[in-house]
Amino acid sequence: MTSGKFEQLERELLDAVAAASDLVSLDDVRVAALGKKGRVSELMKGLGALPPEERREFGQAVNGLKERVAEALARRKDALREAELSARLTSEQADITLPPRARGLSEGRIHPVAQVMDEITEIFADMGFAIAEGPDIETDYHNFTALNIPPEHPARQEHDTFYFNERADGSRAVLRTHTSPVQIRTMEQTEPPVRIIAPGRVYRCDSDQTHTPMFHQVEALVIDEETHMGHLKWALESFCKAFFEVDEVKMRFRASHFPFTEPSMEVDIGYAKVGDEIRIGEGDEWLEILGCGMVHPNVLRNVGYDPDKVQGFAFGVGIDRIAMLKYGMPDLRAFFGADLRWLRHYGFGVLDVPTLARGMSL
Ligand code: DAH
């Protein structure tokens with residue numbers, strides 16, 4: 001075979017490689033060139049018929065050809081794969097700009113807990129609070145110790161904690177029993193002033209008509225140089241008026257004890273029960289809705305703040321509880337029963353976004 005013929009064969013093969021428009025036809029080209037009966041392999045078979053002095057040169061030429069064709073095949077394969085992938089990425093794109101189906105809009109329901117979280121967020125955002133978050137699986141340190149609840153403190157027993165198995169280093173993660181660890185995480189990450197709320201899930205090993213193993217709280221924390229109890233009372237009163245959509249609320253502050261606040265208080269809200277209806281701001285029945293107080297100096301110290309320079313308040317509200325109160329839902333367990341009939345009755349339309357301007361619960 002003359003070198004001109006070699007060159008012509010090479011050109012033909014490389015053209016075929018370049019012309020292959022998909023991976024299947026490229027593989028056909030590979031088989032036809034380098035396969036057992038391919039044109040390059042067939043060339044090799046002619047080797048034995050050659051005079052010994054020509055064999056070496058011929059062998060080298062065939063091998064060189066083989067290498068170059070193999071290389072071109074590999075390159076083309078990469079290019080085709082990439083093109084195939086980008087074609088798939090384009091063709092399989094979901095058009096999320098499509099309008100929702102009308103039926104979904106009228107049938108879908110926002111869960112009352114989600115709605116109430118949105119209402120709370122809206123009210124506090126309007127007062128200048130930012131939203132903070134923390135993990136559901138917490139360290140013992142953030143859930144307890146940093147909040148001035150050292151190991152062996154009796155408050156730990158009151159929390160009915162779900163513990164994870166002990167790790168090799170002896171530490172034990174917990175499902176957070178309250179949203180208060182978000183106070184710690186926020187202060188660890190920012191310098192004062194702080195003004196945040198942190199809504200989220202919390203977990204306790206407890207279940208009856210008014211307790212579920214998972215429920216929701218919203219934590220609030222304000223730290224600066226001069227915030228005092230008057231601000232706390234004002235914030236709570238403003239919140240309750242906006243949330244329950246009443247001009248006056250009756251609130252009762254009772255002295256209490258939480259390790260992370262000093263002084264500590266529990267707050268009851270006054271209501272009247274008229275038939276099945278609950279009226280906030282009237283009557284002489286009381287329901288406890290939250291715990292609060294001035295942040296304990298030890299908590300401030302634990303996050304590296306100087307209690308001689310900064311101070312502030314914190315509170316924690318049970319979201320499910322105030323949702324029950326506001327919307328007259330009698331059984332907490334039904335919140336998490338995934339019963340569509342319940343959701344249709346108590347749920348909210350997808351477009352009923354609570355805003356202060358429009359009203360909280362249209
Ligand atoms: N973490 C408390 C609980 O779940 C509630 C609480 C009380 C939160 C007082 C606070 C607070 O921020 O100041 O029982």
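The figures that follow rest on heavy atoms only: side chains count, while hydrogens, waters and symmetry mates do not.
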[X] [atom1] to [Y] [atom2] distance, which is reported to the nearest 0.5 Å:
X      : Y      : atom1 : atom2 : result
Ile123 : Lys241 : CD1   : NZ    : 12.5 Å
Ile197 : Phe239 : CD1   : CZ    : 8.5 Å
Leu300 : Asp308 : CG    : CG    : 10.0 Å
Glu133 : Glu219 : CD    : CD    : 14.0 Å
Asp136 : Phe162 : CG    : CZ    : 12.5 Å
His142 : Ile184 : NE2   : CD1   : 7.0 Å

On a heavy-atom basis, which atom in [X] and which in [Y] lie closest, and how many Å separate them?
X      : Y      : answer
Arg321 : Glu288 : NH1-O, 2.9 Å
Arg109 : Gly349 : NH1-CA, 3.9 Å
Pro193 : Asp224 : CB-CB, 4.0 Å
Ala72  : Val17  : O-CG1, 3.6 Å
Leu232 : Cys292 : CD2-SG, 4.0 Å
Thr161 : Leu175 : CG2-O, 4.5 Å

Any side-chain to backbone donor/acceptor pair from [X] onto [Y]? Under 3.5 Å, distance only.
X      : Y      : result
Arg76  : Ala20  : yes
Ser171 : Arg167 : no
Asn298 : Asn148 : no
Asp320 : His216 : yes
Ser41  : Lys37  : no
Lys326 : Phe243 : yes

Sequence neighbours excluded - ring pair (Phe, Tyr, Trp, His ring centres under 6.0 Å) pairs with any residue from residues 176-200: His159-His178, His178-Phe260
Say whether [X] and [Y] are linked into one hydrophobic cluster, either directly or through other cluster members, by side-chain heavy-atom distances under 4.5 angstrom.
X      : Y      : answer
Leu221 : Tyr141 : no
Leu290 : Met229 : yes
Val31  : Leu23  : no
Val317 : Ile319 : yes
Leu325 : Tyr327 : yes

Of all pairs that satisfy side chain to side chain donor-acceptor pair (under 3.5 Å), the ones with a partner from residues 44-54, not counting sequence neighbours: Glu42-Lys45
Name all residues meeting the ring pair (Phe, Tyr, Trp, His ring centres under 6.0 Å) criterion together with [X]; count only those two or more places apart in sequence or in a different chain, and write none if there are none.
X      : value
Phe253 : none
Phe313 : none
Phe129 : Phe124

Just jot down the salt bridge (charged side-chain N to carboxylate O under 4.0 Å, His left out) partners of [X], sequence neighbours excluded, or say none.
X      : value
Glu71  : Arg75
Glu248 : none
Arg88  : Glu92

Count the heavy atoms of every other residue, nucleotide or ligand shown that sit under 6.0 Å from [atom1] of [X], and state whether that count exceeds 12.
X      : atom1 : answer
Asp284 : CG    : no
Arg56  : CZ    : no
Glu226 : CD    : no
Lys250 : NZ    : yes
Met44  : CE    : yes
Asn165 : CG    : no

By side-chain hydrogen bond (donor to acceptor under 3.5 Å, both in side chains) - contacts of Thr97 (at least two apart): Asp95
Listed once per pair and sorted, the salt bridge (charged side-chain N to carboxylate O under 4.0 Å, His left out) pairs that draw on residues 10-29, sequence neighbours left out: Glu10-Arg68, Glu12-Arg39, Asp27-Arg30
Within residues 183-212 or reaching into it, pairs that qualify as salt bridge (charged side-chain N to carboxylate O under 4.0 Å, His left out) - sequence neighbours excluded: Glu138-Arg185
Trace of the side-chain contact (heavy atoms from CB on, under 4.5 Å) decision for Leu13 with Val40: CA-CA 10 Å; Leu13 292 177; Val40 177; 3.7 Å; yes
side-chain contact (heavy atoms from CB on, under 4.5 Å) assessment of Leu332 paired with Met324: CA-CA 7 Å; Leu332 180 63; Met324 287 169 83; 4.0 Å; yes
Aromatic centroids of Trp342 and His111 separated by under 6.0 Å: yes
Proximity of Phe315 and Phe258 rings by center, below 6.0 Å: no
Show me the donor-acceptor pairs, under 3.5 Å and distance only, between side chains in residues 79-86 and residues at least two apart or in other chains.
residue	atom	partner	partner atom	Å
Ser86	OG	Glu82	O	3.2
Ser86	OG	Ala83	O	3.2

Verdict with reasoning, Phe215 to Val202, per side-chain contact (heavy atoms from CB on, under 4.5 Å): CA-CA 5 Å; Phe215 57 104; Val202 300; 3.4 Å; yes
Ion pair Asp268/Arg254, N-O distance below 4.0 Å: yes
side-chain contact (heavy atoms from CB on, under 4.5 Å) between Met214 and Phe336, worked out: CA-CA 9 Å; Met214 187 280 294; Phe336 311 114; 3.8 Å; yes
Please determine, by modelled atom types, if [X] and [Y] share a side-chain donor-acceptor pair under 3.5 angstrom.
X      : Y      : answer
Thr145 : Arg156 : yes
Gln311 : Glu225 : no
Thr177 : Asp160 : no

Verdict with reasoning, Asp118 to Thr121, per side-chain hydrogen bond (donor to acceptor under 3.5 Å, both in side chains): CA-CA 5 Å; Asp118 286 349; Thr121 308; 5.1 Å; no
